[in-house]
Amino acid sequence: MLRGLDIRDMLIIDRLELAFQPGLNVLTGETGAGKSILLDSLGFVLGWRGRAELVRAGAAQGEVTAWFDLAKDHPARAVLEEAGIVAEDELILRRVNTREGRKTAWVNDRRVSGEVLRALSDTLVELHGQHDDRGLLNPRGHRAMLDTFAGVDGTKTRSAWRALGAARKDRAAATARLAEVQAEEDYLRHAVAELDALAPEQSEEAELDTRRRMMQSAEKIRADIARAHEALGLQGAEGTLTDATRWLIGAAEQAEGTLDGPLAAIERAMLELDAAQQGVVRCLDALTFNPSELEDTEERLFAIRGLARKHNVLPDDLRAFADDLRGRLAVLDSGASDLADLDAAVEQAEAEYAKAADALHSARVKAAKALDKAMAAELAPLKMERAVFATQISAAEPGPDGRDAVAFTVATNPGAPTGPLNKIASGGELSRFLLALKVCLTQAGGESLTMIFDEIDRGVGGATADAVGRRLVDLSVKMQVLVVTHSPQVAALGGHHWRVEKRQDADATTSTVTALDPSARVDEIARMLSGDTITDAAREAAKALMSN
């Protein structure tokens, strides 16, 4: 709900602060007093398109602040969250326009773009008037309005649309993968056959390289190792230690135990010597190879390295690379079967979407008939009983909200061609169409919007104006309504009343707004009835209107 509006240095307003109330708020005043400036200022702070020159003459900048109460479930909270702004129970919008035309906006003291303002305004305020291109006159929103009137939930359709999109995406991805594999089928089959024939093992390249280098240097080092083996054997260290042991054992009996230590040390040395001999023997065995083995080792080593260079991978990655190629071939081999499964999934998703969209279409057709009937009942008291309102439902491109395009059309007389609201109806007729439509659309439940009607009673009077006012009262039970009016019948039904006046002095012209008490309301409505001269009869007529 709009709680207040503070305007500074905008057009002919120097400083003005208004505190609006729930229910029906009425603004009256002479033509040219500045009522439209209030709406221009409100539209400015909400980011709407409007007049280019808004700053009051002589001022450096103009500024408008508007504050709203937000319920816990108000849709503006979602817009704030998306913009990264903490939502509170009070929402404050402020926008400044410099003399040079530069505009700056803040939401709860957080600087924002005009786009954020406009997104918020869609959840806060709805303006209706004969020149309005938003709200009910915007055909893009008619489908959502009809759904609200019908009380339908499009969750199933939106869910089915998402599922259909996912199924189509999966099929497209699989088709693309299959086409890619098919384009390189010959390469894949040749590469896999080549890799399978070689069958490289993990770490084999390093092992082959080590073996190759060992065989290349075998002859040179084998002679030295053989001499070392001989030096460690019976003709060398082993024989010497054996002789030393035999001599020491023979002398140990007369040595009174002094040779026990040396004999134990020699025994340990013999054990280590045996281990060394065994290692040398193993090395000699390893260095013993068939001359053709070196050639075979080099051939396999070079084959592995060549294949790694060919496919631009490390030798140790050849096995994993081969597995990847085999996986791509598996896609090719099973591609037809997989595509058939994905096609079936798409068909199933299309059927589910069609079922949900058809159910939504049926609900909309039923609701359209009910809305047309409700509109006929509303238009009759507004002296438009010959007018025809029709909700047209036509086929549209499938989407998350179904396959229907919805448009509200009118014909001012039976048999006359139908067309869009703002193309067929005249100013006064359009206002009444809009009012009747809004009354019908809000019968489904309350709304969080503040409704503003700009001279919606233009071109009507008497009983018709009274009917307009009573429907505005009905709307104000469920939402806050602001109406700019020249009709005394409408003004008399207001719950809160402000008079807009233009004041002129030698230096400037300014516009002021005054909240009216009951006595002042009588005089204002009497003025609207009789003109500048307020008579007692006019006052009595005003009181009668207010008490009716």
Side-chain angles (χ1 to χ4, degrees), residues 187 189-327:
Y187 159 74
R189 296 197 183 281
H190 174 75
V192 168
E194 191 176 39
L195 286 163
D196 286 347
L198 186 61
E201 298 292 336
Q202 186 71 26
S203 303
E204 184 180 4
E205 186 263 351
E207 294 172 359
L208 288 172
D209 185 60
T210 299
R211 178 68 175 157
R212 170 176 172 260
R213 286 187 283 104
M214 183 177 291
M215 285 190 290
Q216 286 177 332
S217 58
E219 289 302 322
K220 176 181 178 181
I221 65 174
R222 196 175 190 285
D224 292 337
I225 295 172
R227 284 195 293 272
H229 180 261
E230 184 177 351
L232 294 173
L234 291 175
Q235 301 304 317
E238 182 182 359
T240 302
L241 288 175
T242 300
D243 291 341
T245 301
R246 186 177 66 254
W247 294 332
L248 291 175
I249 290 174
E253 294 180 358
Q254 288 81 31
E256 301 296 336
T258 57
L259 294 177
D260 292 346
L263 284 170
I266 292 173
E267 184 177 0
R268 291 193 299 274
M270 290 290 286
L271 291 174
E272 294 296 327
L273 180 62
D274 182 63
Q277 287 177 312
Q278 292 179 20
V280 172
V281 169
R282 286 194 297 272
C283 182
L284 287 173
D285 290 342
L287 293 175
T288 302
F289 58 89
N290 190 310
S292 64
E293 185 179 350
L294 175 59
E295 183 178 344
D296 294 341
T297 300
E298 287 183 335
E299 182 178 349
R300 183 163 180 80
L301 176 63
F302 295 156
I304 290 175
R305 287 176 173 175
L307 207 55
R309 285 194 300 272
K310 178 178 179 180
H311 296 294
N312 196 29
V313 298
L314 296 174
D316 283 349
D317 294 337
L318 282 173
R319 286 191 65 182
F321 179 70
D323 291 340
D324 178 66
L325 295 185
R326 276 189 287 271

Name all residues meeting the side chain to side chain contact (heavy atoms under 4.5 Å, CB included) criterion together with D274; count only those two or more places apart in sequence or in a different chain, and write none if there are none.
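In terms of side chain to side chain contact (heavy atoms under 4.5 Å, CB included), with neighbours along the sequence ignored, D274 is linked to Q277, Q278.
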If you look at every heavy atom in [X] and [Y], which pair is closest and at what distance?
{"X": "V280", "Y": "I225", "result": "CG1-CG2, 3.5 Å"}
{"X": "L195", "Y": "P200", "result": "O-CD, 3.7 Å"}
{"X": "L301", "Y": "E205", "result": "CD1-O, 3.5 Å"}
{"X": "R326", "Y": "V192", "result": "CG-CG1, 3.8 Å"}
{"X": "L263", "Y": "A252", "result": "CD1-CB, 4.3 Å"}

Quickly, which of E267, M270, R246 forms a side-chain contact (heavy atoms from CB on, under 4.5 Å) with L241? Name it, please.
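When side-chain contact (heavy atoms from CB on, under 4.5 Å) is applied between L241 and each of E267, M270, R246, only M270 qualifies.
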D296 with R300: basic N within carboxylate O range, under 4.0 Å:
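R300 and D296: not salt-bridged.
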Please round to the nearest 0.5 Å and tell me the distance separating atom [atom1] of [X] and atom [atom2] of [Y].
{"X": "Q254", "Y": "L259", "atom1": "CD", "atom2": "CG", "answer": "10.0 Å"}
{"X": "I266", "Y": "T245", "atom1": "CD1", "atom2": "OG1", "answer": "4.5 Å"}
{"X": "I304", "Y": "E201", "atom1": "CD1", "atom2": "CD", "answer": "9.0 Å"}
{"X": "N312", "Y": "F321", "atom1": "CG", "atom2": "CZ", "answer": "9.0 Å"}
{"X": "T240", "Y": "Q235", "atom1": "OG1", "atom2": "CD", "answer": "9.5 Å"}

State, with a plain yes or no, whether a side-chain heavy atom of [X] is found less than 4.5 Å away from one of [Y].
{"X": "R305", "Y": "D209", "result": "yes"}
{"X": "Q202", "Y": "D316", "result": "yes"}
{"X": "D317", "Y": "H311", "result": "no"}

Heavy-atom count check: over 12 atoms from other residues, nucleotides or ligands less than 6.0 Å from D243 CG?
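Enclosed: over 12 neighbouring heavy atoms sit under 6.0 Å from CG of D243.
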Partners of E194 by salt bridge (charged side-chain N to carboxylate O under 4.0 Å, His left out), sequence neighbours excluded?
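Partners of E194 by the salt bridge (charged side-chain N to carboxylate O under 4.0 Å, His left out) criterion, ordered by chain and then number, come out as K310.
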